[in-house]
Amino acid sequence: VSARKYRPQHFDELIGQNHIAQTLKNAIKTDHLAHAFLFSGPRGVGKTTSARILAKVLNCENLIDYKACGECSSCKSFLDNASFNIFELDAASNNSVEHIRALNEQVRFQPQQGSFKIYIIDEVHMLSQAAFNAFLKTLEEPPPYAKFILATTEKHKIIPTILSRCQIFDFRRIQIKDIVFQLKTIAEKEGRSMDDDAYHLIAQKADGAMRDALSIYDKVISSVEGEITYAEVADNLNVLDYEYYFKLVDLSIKEDLPELMLLYDDIVKKGF
C-alpha cells in the first residue's frame, strides 16, 4: 500500500512536522538528546515513522547531514527487520507487567553493534497500571546506551510520573495543502492523473491524517481507470457532491416540487 511504500526515510521527508524534525536534528547536532521521548498526536501523522527515523539515525555509522546512509550494517539490519539494537514493542498486545519486566531485563545488556539500544513502544497508553509502575525506574535511570521512544494517540491516559520523565513532542494534524502536495507527488510517480478538486476532497476527508489520505487514494486509483475526476472520488467516498447543494437551492427558488422530491430520493438512495 502507498502508506508503506512511500513512508518517509529521512527527517527531510517528514510531512507537516518540520518543528519536530528540526528540534531532533538540533538535539543530535549539539548532543543534547533526551533518554526518553514521548511522541503524541492524532493517528496517521508520522509518530512511528519519526521514531524509526530517529532510531536509524542514532545508530547509523556513516551519518551524512542527519540522514542515515542505508549502507552500513546497522542500517541494513534495521531495513531487514533483523536489528539487535532497535526493538519495536506494541504496547496494545504487550501490556502486562511481565512484558515490561522482560524489557527491563533486556535493557541491562549492552548493544552488540552501534552506539545505542533503542526501544520504540507504540500505543504506550495501553500499558496497565502495574506495567507503568514497573517501567518507571528504568525510564528514570536507564543505562547511557538505552533510549526510549514512546508513541501514543492518547497522552491524557499516561500517568504524570511517566510524562515527567520524557521529552514530549506534540505532532500536529497535517494541513490540507501538505496532504495535496504529497498525493500529487505520489500520483506522478505512479503515472496517474487526478484533477485538483479530487485531491482536495481526499485531503479534506482524511481529516489531517496522511495515512488515511493514502488509504483513500489507494481505494480510488484501484477502482477508476484513466484520469480521476472530482465526481468519481465523491462517488467512491460516498460523500455528497457540492452540486447537490446547488441543485437543491436552484429547485427551491424555482419551486419545482417534483424535481426536488426526485433529488431528495437520490440523496436517500446514497444512504444520507
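Positions are given from 1 along the sequence.
The environment of His32 atom NE2 is sparse: at most 12 non-hydrogen atoms of other residues, nucleotides or ligands sit within 6.0 angstrom. Within a 6.0 Å radius of OH in Tyr264, other residues, nucleotides and ligands contribute 12 heavy atoms or fewer. Applying the 6.0 Å contact sphere to CD of Gln175 captures no more than 12 heavy atoms from other residues, nucleotides or ligands.
Ile253 is not connected to Leu251 by any chain of hydrophobic side-chain contacts under 4.5 Å among Ile, Leu, Val, Met, Phe, Trp and Tyr, and they are in different clusters. In terms of hydrophobic clustering, with Ile, Leu, Val, Met, Phe, Trp and Tyr side chains grouped at heavy-atom distances under 4.5 Å, Tyr119 and Leu163 are assigned to a common cluster. Connection of Tyr230 to Ile267 is established within a shared hydrophobic cluster, with ILVMFWY side chains joined at heavy-atom distances below 4.5 Å, either directly or through further cluster members. Phe87 is not connected to Leu54 by any chain of hydrophobic side-chain contacts under 4.5 Å among Ile, Leu, Val, Met, Phe, Trp and Tyr, and they are in different clusters. Grouping the Ile, Leu, Val, Met, Phe, Trp and Tyr side chains by contacts below 4.5 angstrom, directly or via other members, places Phe109 apart from Leu58.
Taking both residues in full, the closest heavy atoms of Asp266 and Tyr244 are given as OD2-OH, 2.9 Å, listed atom of the first, atom of the second, then distance. Here the closest heavy-atom approach between residue Thr161 and residue Ser164 is recorded as O-OG, 3.2 Å. The shortest heavy-atom contact between Met194 and Ala198 is CG-CB, 3.5 Å. In this structure, Asn236 and Ser223 approach most closely via the heavy-atom pair ND2-OG, 2.5 Å. Nearest approach of Ala55 to Ile120, heavy atoms of both residues: CB-CD1, 4.1 Å. Contact record, Val57 with Ala68: CG2-N, 4.2 Å, taken as the closest heavy-atom pair.
Here the straight-line distance linking atom NZ of Lys117 with atom CZ of Phe148 works out to 9.5 Å at 0.5 Å rounding. Separating the NE2 atom in His99 from the CG atom in Leu89 is a distance of 8.0 Å, to the nearest 0.5 Å. Between the CE atom in Met126 and the OG1 atom in Thr153 there is a gap of 9.0 Å [rounded to 0.5 Å]. Distance OG1/Thr138 to CZ/Arg108: 10.0 Å, rounded to 0.5 Å. Atoms CG and CG, on Leu201 and Asp195 in that order, are 10.0 Å from each other to the nearest 0.5 Å. Distance check, rounded to the nearest 0.5 Å: CD of Glu98 to CG of Leu103 gives 13.5 Å.
Annotation: salt bridge (Lys or Arg N to Asp or Glu O under 4.0 Å) contacts of Glu141 (sequence neighbours excluded): Lys137.
Judged by distance alone, with hydrogens and angles left aside, the side-chain atoms of Asp178 form no donor-acceptor pair with the main-chain N or O of Ile15 at under 3.5 Å. Of the possible donor and acceptor atoms, one in the side chain of His35 sits under 3.5 Å from a partner among the backbone N and O of Leu139. At least one donor-acceptor pair closer than 3.5 Å links the side chain of Ser74 to the backbone N or O of Asn59. Panel note: side chain Arg192, backbone Gly226; a donor-acceptor pair is recorded below 3.5 Å. The backbone N or O of Met261 sits nowhere less than 3.5 Å from a side-chain atom of Asp265 that would complete a donor-acceptor pair. The closest donor-acceptor contact from the side chain of His125 to the backbone of Ala91 lies at 3.5 Å or more, if one exists at all. One N or O on the side chain of Ser128 and one on the backbone of Asn95 form a donor-acceptor pair closer than 3.5 Å. A side-chain donor-acceptor contact under 3.5 Å links Asp218 to the backbone of Ser2. The closest donor-acceptor contact from the side chain of Asn104 to the backbone of Ala134 lies under 3.5 Å. Looking only at distances, no side-chain donor or acceptor of Lys47 sits under 3.5 Å from a matching main-chain atom of Phe171.
You'll find the side chain of Lys147 reaches within 4.5 Å of the side chain of Leu33, heavy atoms only. The closest side-chain heavy-atom distance from Ser252 to Leu260 is below 4.5 Å. With a 4.5 Å cut-off on side-chain heavy atoms, Ile176 and Ile179 do not count as touching. With a 4.5 Å cut-off on side-chain heavy atoms, Phe37 and Ile20 do not count as touching. Between Val45 and Arg172, every side-chain heavy-atom pair lies at or beyond the 4.5 Å cut-off. For the pair Asp170 and Lys155, the minimum side-chain heavy-atom distance is below 4.5 Å. A 4.5 Å side-chain heavy-atom check between Tyr199 and Val233 finds every atom pair outside the cut-off. In this structure, the side chains of Lys5 and Leu214 stay at 4.5 Å or more apart for every pair of heavy atoms.
Taking a cutoff of 4.0 Å between a charged side-chain nitrogen and a carboxylate oxygen, Arg52 and Asp122 do not qualify as a salt bridge. Contact check on Asp196 versus Lys184 returns a salt bridge, with a Lys/Arg side-chain nitrogen under 4.0 Å from an Asp/Glu carboxylate oxygen. Using a 4.0 Å cut-off between charged side-chain N and carboxylate O, Lys270 and Asp235 make a salt bridge.
For the residue pair Arg7 / Thr49, a side-chain donor-acceptor distance below 3.5 Å is found, with atom types taken as modelled. At a cut-off of 3.5 Å, with distance as the only test, a side-chain donor of Tyr6 or Glu190 sits close to an acceptor on the other residue.
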Practice prompt. Tell me, with the steps shown, if Leu262 and Glu259 meet side chain to side chain contact (heavy atoms under 4.5 Å, CB included).
Written response: CA-CA 5 Å; Leu262 289 170; Glu259 280 299 319; 3.9 Å; yes
Fill in: Ile162 and Leu150: CA distance, side-chain angles, deciding distance, side chain to side chain contact (heavy atoms under 4.5 Å, CB included) verdict
CA-CA 10 Å; Ile162 292 274; Leu150 316 178; 4.2 Å; yes
Practice prompt. Kindly determine whether Val220 and Glu232 satisfy side chain to side chain contact (heavy atoms under 4.5 Å, CB included), including the steps that lead there.
Written response: CA-CA 8 Å; Val220 170; Glu232 282 165 332; over 6 Å; no
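Taking the six-membered ring where the residue is Trp, Phe169 and Phe39 present perpendicular rings, their angle passing 60° and hence far from 30°.
Leu38 pairs with exactly one of Ile121, Ile168, Ile149 by the side chain to side chain contact (heavy atoms under 4.5 Å, CB included) rule, that one being Ile168.
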